[in-house]
Amino acid sequence: MTNVVLFLCEGLVYVAVMVTLLHLRYRLGLGVFVTALGVLHFIETYLAAVFYVQLPFGVISPGSAVLFAGKLMMILLLYVKEDAATVRQPIYGLLAGNFLTVALSLLLQMHQTVSAVPNRSADLAFIDEMGWLMLWGTLLLYLDSLLIILLYERIGRWMRGLLTLRFLICGVVVLTFDQAGFYIALHVLNGAPLEVFWGGWIAKMGAAALYSIVLGAYLHFSSHSVLSVSQQPIGDIFNALTFRERYEDLLSKSGRDMLTGALDRSRFEFEAPRLIRNALSSGGVVSLIMIDADHFKSVNDRFGHLEGDHVLKSIADAIQSCLRQSDHLFRYGGEEFVVLCDGLDHASALSRAEDLRQRVLTRVTTSDRSAVTISIGIASMPLDGSTTRELLSKADARLYEAKRRGRNCVVGNV
């Protein structure tokens, strides 16, 4: 019974100190909380590897039942108090730190060591084992952290408020997943018996209940204002947790045509299949508008390539001014442009293309005030096909038909 009381005391001390550090983050700085979380990670893994005690329901380690379960619940609490962009910092910091631990442990084993203290020598094999356990535990922590936050938000769609119950459900589900994953590593590396799995699982369920009650009480008595759910779609939360929004931001700033500012062909080859796949899965529509400047070679021949460049940029600006935020303009090649219109059916795309034709006709001229015109071909998914190749082929054929009809016109599936 003494061990049970000690475990309870350890859990209460841990959660009390960590919640205090998080609560005082605006006075002390969030780094204090994050550093404490990271420092405890080593002792947590050490205890989970070698330190076990007997409880009435099995053999367990405080490293796993108290510290790891507490850390996972602290990560969820940090998300609730802050946001996904904040909580990902300790997650990725722990991951990077443990990759470094494994790398250094491999290098340390290459040293020829000497004994500086009598009867003491470095247990490099244990360091190596600890490194791999820490790495495996952190990879699990990464998955656990994503899962517990996304599950918390998903449950919140069904039950608003009831934070203690939401914390408990998330803790039970994710800690069960983690216990199975970490036991596999312990069994392979240390030969841990099955009773370690069951004892640890029961202890983690108890820890989940204890931490859920404490954290729920803390949020209630601290007058936490966000008791419902995030207004962000769950997909956006996942993107923030995995830095995907940074990738998409970087992507949005690259792949642009330097002359016109439109997206380039490489971006088209990335974006078009993605938009079409999304539309197919959701039952939506996508229209592809292919545009070609009429008699553009004569502009270059008469006025030079600098004037031709100016005309191309003016055409792109005129087109862009007529598009929705969800439309995408690409310079497909030379004087050809493509507009991808997500959610625009064929009839609406015809109307949009006519607006584009009129906008270019009225706004774009050469240096001698001659009007510049464009020809347009349109194809729509699913009416004209369900792949990028099919839409391009149909739109290109209709663009050719617009040229054949005398240019400065729009041709669709009519």
Donor-acceptor under 3.5 Å (H346 side chain, N413 main chain) = yes
Just how far is it from atom CZ of F33 to atom NE2 of H23, taken to the nearest 0.5 Å?
-> 13.5 Å
Taking atom types as modelled, is there a side-chain donor on S375 or D292 under 3.5 Å from an acceptor on the other?
-> no
Using a strict cut-off of less than 4.0 Å between a Lys/Arg side-chain nitrogen and an Asp/Glu carboxylate oxygen, indicate whether R265 and D257 qualify as a salt bridge.
-> no
Can we call the ring centroids of Y332 and F268 under 6.0 Å apart?
-> yes
Rounded to the nearest 0.5 Å, the CG atom of L67 sits from the CD1 atom of I43 at a distance of 8.0 Å
Only one of W198, F197, W201 forms a ring pair (Phe, Tyr, Trp, His ring centres under 6.0 Å) with Y183, so which one is it?
-> F197
Is there a donor-acceptor pair under 3.5 Å between the side chain of T20 and the backbone N or O of A16?
-> yes
Establish, from distance only, whether the side-chain atoms of S281 and N278 form a donor-acceptor pair under 3.5 Å.
-> no
Supply the atom-to-atom distance E269 CD to D264 CG, rounded to the nearest 0.5 angstrom.
-> 9.0 Å
Between F330 and H328, how do the two ring planes meet: parallel, tilted or perpendicular, split at 30° and 60°?
-> tilted
Dump the intermediate steps for salt bridge (charged side-chain N to carboxylate O under 4.0 Å, His left out) on E401 and R398, then the final yes or no.
-> CA-CA 5 Å; E401 175 63 19; R398 289 164 188 165; over 6 Å; no
Got a sec: does the OH of Y400 have more than 12 other heavy atoms crowding it under 6.0 Å?
-> no
Is any NZ, NE, NH1 or NH2 atom of the basic residue among D342 and R324 found under 4.0 Å from an Asp or Glu carboxylate oxygen of the other?
-> no
With no hydrogens and no angle check, is any side-chain donor or acceptor of T362 less than 3.5 Å from a backbone partner on Q358?
-> yes
T373-R407 side chain donor-acceptor pair, cut-off 3.5 Å | no
Worked check of side-chain contact (heavy atoms from CB on, under 4.5 Å) between L141 and L94 = CA-CA 9 Å; L141 174 65; L94 289 167; 3.4 Å; yes
Between D396 and S393, a side-chain donor and acceptor under 3.5 Å | no
Residue K313 excluded, over 12 heavy atoms near NZ under 6.0 Å = no
side-chain contact (heavy atoms from CB on, under 4.5 Å) assessment of V32 paired with R25 | CA-CA 8 Å; V32 177; R25 65 194 181 281; over 6 Å; no
Any salt bridge between R359 and D355, counting N to O under 4.0 Å?
-> no
Please lay out, stage by stage, how L344 and R352 fare under the test side-chain contact (heavy atoms from CB on, under 4.5 Å).
-> CA-CA 9 Å; L344 208 63; R352 177 66 47 79; 4.0 Å; yes
How many angstroms lie between NE2 in H305 and CG in L312, if you round to the nearest 0.5 Å?
-> 11.0 Å
Y79 and its side-chain contact (heavy atoms from CB on, under 4.5 Å) partner, picked from I91, I148, V87 | V87
Determine yes or no for a side-chain-to-main-chain donor-acceptor pair under 3.5 angstrom, with S212 supplying the side chain and L168 the backbone.
-> yes
Can you tell me how far the CE atom of M18 sits from the CG atom of L215, to the nearest 0.5 Å?
-> 11.0 Å
Distance-only donor-acceptor pairs under 3.5 Å for side chains of residues 50-61, two or more places apart:
unit_1, atom_1, unit_2, atom_2, d
Y52, OH, A48, O, 2.5
S61, OG, L47, O, 2.8
S61, OG, A48, N, 3.4
S61, OG, F51, O, 2.9
S61, OG, G63, N, 3.2

Side-chain donor-acceptor contact under 3.5 Å, Y211 with Y14 = no
Please determine if R331 and E336 form a salt bridge, counting it only when a charged side-chain N lies under 4.0 Å from a carboxylate O.
-> no
Step by step, would you call E390 with K394 a salt bridge (charged side-chain N to carboxylate O under 4.0 Å, His left out)?
-> CA-CA 6 Å; E390 288 172 336; K394 292 289 178 64; over 6 Å; no
Check against side-chain contact (heavy atoms from CB on, under 4.5 Å), C170 and I155 | CA-CA 9 Å; C170 292; I155 293 174; 3.9 Å; yes
For S314 and D317, what are the C-alpha separation, side-chain angles and deciding distance, and is it a side chain to side chain donor-acceptor pair (under 3.5 Å)?
-> CA-CA 5 Å; S314 298; D317 291 342; 5.5 Å; no
Could E271 and R274 be called an ion pair, given the rule that one side-chain N must be under 4.0 Å from one carboxylate O?
-> yes
Counting only heavy atoms not in L306, do more than 12 sit closer than 6.0 Å to its CG atom?
-> no
